[in-house]
Every structure is written in structure tokens, then in C-alpha cells.
Amino acid sequence: MFITQSTIFLLNLIGGVKMKEIINSLSVFTDGNKNNQAIIFIHGFPYDHTMWDSQVEVLKEKYFCVRYDIRGLGESPAGDGQYTMEMFVDDLESVIEQMKLVKPVICGLSMGGYISLRALERIQDKFSAAILCDTRSEADNNEGKLKRAAAIKRINIEGLAPFAKDFITNCFGDYFKQNKKAELDKIIEKSSRFNPIGVKGCLLAMLGRTDTTISLSKFNIPTLLICGEQDLLTPPSVMKEMFHKIPKAEFVEIKNAGHMTPIENSEDVNRAIMNFLTKAEQLRK
Ligand code: MLT
């Protein structure tokens with residue numbers, strides 16, 4: 001089928017059909033009716049937009065769900081791999097602008113959360129509400145920076161697969177690792193095929209990001225913080241500190257989950273998101 005912009009528009013209006021388009025060289029995927037409130041989902045590292053499949057499956061009935069693959073990951077090309085967090089926020093802005101999204105809800109996990117936090121610092125007025133999953137506002141400390149440097153060195157020496165296997169395994173909690181091994185292997189296998197230039201570019205962007213903690217008290221839109229009870233990378237204690245600093249925030253801890261809550265316990269995450277969005281909507285009325 002020959003797909004034009006108006007075909008994309010019509011299919012979006014009908015809803016229920018996942019559509020892909022290229023914006024500013026990024027692969028952008030939409031589900032649901034474009035006339036509904038938009039939610040823009042930003043995935044973690046080293047994953048792609050499909051980490052939100054279980055959320056979109058439910059939310060697309062009522063919301064226009066927009067996902068994109070961060071530069072260098074998934075189906076978005078790596079280019080030269082010279083990325084900064086600022087560039088990732090520019091990319092997010094380009095998607096919002098070109099799709100003419102009106103006050104979307106921003107929803108980011110971990111690295112997607114770093115992008116969301118910096119976007120809220122830079123352009124909070126463009127969003128109606130925020131969902132921050134398994135992330136932190138602090139920049140990398142020296143130990144963290146050295147770990148990123150070691151990861152880049154390891155990828156250069158061994159290729160991407162061994163790093164992807166170790167990093168991704170560490171992201172998941174015990175329940176998922178013991179009961180969903182085939183699913184975990186599929187995720188690892190997929191990420192191992194990403195372009196190493198893109199993966200290393202993301203490590204550098206995270207290493208160089210700024211600390212957004214000082215701005216948390218200035219966030220004035222409804223904000224939901226979600227964290228897996230077994231998250232080793234951004235544990236509940238870290239996210240609770242953020243929660244106490246954001247004025248209109250609520251915090252939900254997710255049982256039986258590590259760092260990848262939307263995949264590990266999608267039912268509880270979906271419930272938390274739906275409850276939050278319903279309340280946020282009522283506040284807007
Ligand atoms: C992620 O899930 O995006 C990463 O764990 C973030 C990080 O490495 O800091």
C-alpha cells in the first residue's frame with residue numbers, strides 16, 4: 001500500500017493500527033486516535049520503543065500513544081554516535097513539534113527519564129503531566145562515569161553482545177529472571193543486534209548529562225513516580241527522595257519488579273498509570 005501523510009492521518013483517526021513514520025531521522029510509532037490526549041513514551045537503555053508494548057495495548061483505547069526509538073537504538077539510525085542529553089531533548093521536541101502534539105503527557109523510563117527530567121527543566125510548559133519510571137535526577141558521579149568508560153572499552157574489545165547480556169540481566173528482578181527466561185533472552189538478543197556506535201553514543205550522553213535535582217521543586221504539573229521494589233539501578237530510596245522534592249507528585253512502588261517495571265509487572269504499572277491519568281484529567285477540568 002502507498003502510504004501518504006493523509007493515509008497516516010486517517011489510520012490514526014481510526015485508531016488501533018500501529019503506524020511508523022520518520023521524523024528528524026527518528027523512527028516514530030503511533031497507536032490510537034490522534035484526537036485523543038497524547039502520551040509520549042521514551043524508552044530506557046539499551047532498549048527500544050517495544051518496551052512499552054503492554055502499556056500501549058491498553059492505553060491506546062483512550063489515548064494517542066506516541067513512541068520513538070532514541071537516536072542510535074532500535075530502528076533509529078546511529079549516525080556518528082556523538083550524542084548529548086541536550087540532543088536527545090532536541091529530538092523529543094522535534095517529534096512533539098512535527099506531530100503537532102498539544103500538551104502531551106511525558107512518560108520516560110531510566111535514560112528516557114533523564115531525557116524527560118531535562119525536558120521538564122527546559123520546556124515544562126509543553127507538557128500536561130509527567131510519568132517518571134525507574135530513573136534518577138542526579139548526574140553520574142565519578143564511579144558511574146568510570147563504569148560507563150569501562151562499558152565502552154568492553155564493547156570495543158568484545159563487541160556488544162556480552163555487555164548487553166550482563167547489563168540487561170542486571171536490570172530485571174528475580175521473579176522475571178526465574179519465570180520469564182525466554183522473554184528475557186529475546187530482549188537480550190534484540191539489543192545485542194543494535195549498532196554498537198549508537199549504544200556507545202548513549203553511554204556518552206548519559207555520562208555527560210547534567211544534574212536536574214535542583215529543578216524538581218519547580219515542576220508544577222501532576223507527576224507520577226514509579227519504581228520496582230527490586231530496582232538495583234535506581235532503587236525506591238532514590239526515587240522517594242525525588243518524590244519528596246516534586247510538589248504535585250505521587251509515588252507507586254511496583255511489586256515483583258526490578259528496573260524494567262513496565263515489562264516486569266505491566267498489570268500494576270498500567271493500573272498506576274490509568275489511575276494517575278484519570279486524576280490528572282480531572283484536575284485539568
Ligand atoms: C536505563 O535503563 O536506561 C539505564 O539503566 C540508565 C543508566 O544506565 O543510567
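Each ligand, and each atom within it, is numbered from 1 in the order the structure gives.
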Side chain, backbone, both or neither: His43 near ligand 1, heavy atoms under 4.0 Å: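 Within the 4.0 Å criterion, His43 makes no contact with ligand 1.
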Structural part of Met206 in contact with ligand 1, heavy atom criterion under 4.0 angstrom: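 Under 4.0 Å from ligand 1, Met206 contributes side-chain atoms alone.
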Over-ring placement of Lys20 relative to Phe29, 6.0 Å and 45° cut-offs: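 No, a cation-pi geometry is absent between Lys20 and Phe29.
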Within 45° cone and under 6.0 Å: Arg209 NZ/CZ vs Tyr114 ring: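 Ring-cation test returns yes.
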Tell me: protein heavy atom nearest [atom], and distance?
{"atom": "atom 8 (O) of ligand 1", "value": "Arg148 NH1, 2.8 Å"}
{"atom": "atom 9 (O) of ligand 1", "value": "Tyr114 OH, 2.5 Å"}
{"atom": "atom 1 (C) of ligand 1", "value": "Ser110 OG, 2.8 Å"}

Output yes when the distance from some N or O of ligand 1 to some N or O of [X] is under 3.5 Å, and no in every other case.
{"X": "Phe45", "answer": "yes"}
{"X": "Arg209", "answer": "no"}
{"X": "Tyr47", "answer": "no"}

Derivation and outcome, side chain to side chain donor-acceptor pair (under 3.5 Å), residues Asn156 and Lys200: CA-CA 9 Å; Asn156 284 338; Lys200 290 187 286 180; 2.5 Å; yes
Go through ligand 1 atom by atom and flag the ones less than 4.0 Å from a non-hydrogen atom of [X].
{"X": "Phe167", "result": "4 (C), 5 (O), 8 (O)"}
{"X": "Gly44", "result": "3 (O)"}
{"X": "Leu233", "result": "5 (O)"}

Cluster check Ile70, Leu233: I/L/V/M/F/W/Y, side chain < 4.5 angstrom: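 Same cluster: Ile70 reaches Leu233 through Ile, Leu, Val, Met, Phe, Trp or Tyr contacts under 4.5 Å.
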Test item, Arg136 contacting ligand 1 (heavy atom, 4.0 angstrom):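 It does not; every heavy atom stays at 4.0 Å or beyond.
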Candidate list Lys147, Lys145, Arg148, test salt bridge (charged side-chain N to carboxylate O under 4.0 Å, His left out), partner Asp140, passing option: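 Exactly one option meets the salt bridge (charged side-chain N to carboxylate O under 4.0 Å, His left out) with Asp140, and it is Arg148.
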Centroid-centroid under 6.0 Å between Phe167 and Phe45 rings: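 They qualify: ring centres under 6.0 Å apart.
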Residue pair Phe219 / Glu121: nearest heavy atoms and the distance that separates them: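 What the structure gives for the nearest pair is CE2-N, 4.1 Å.
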Heavy-atom pair with the smallest gap, counting every atom of Gly79 and Ile197: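 Heavy atoms only, the tightest pair is O-CG2, 3.9 Å.
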Closest candidate by heavy atom, reference atom 2 (O) of ligand 1, pool Met111, His259, Lys147: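 Residue with the shortest heavy-atom distance to the ligand atom: His259.
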Separation between CG of Leu207 and SG of Cys202, rounded to the nearest 0.5 Å: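 That separation rounds to 12.5 Å.
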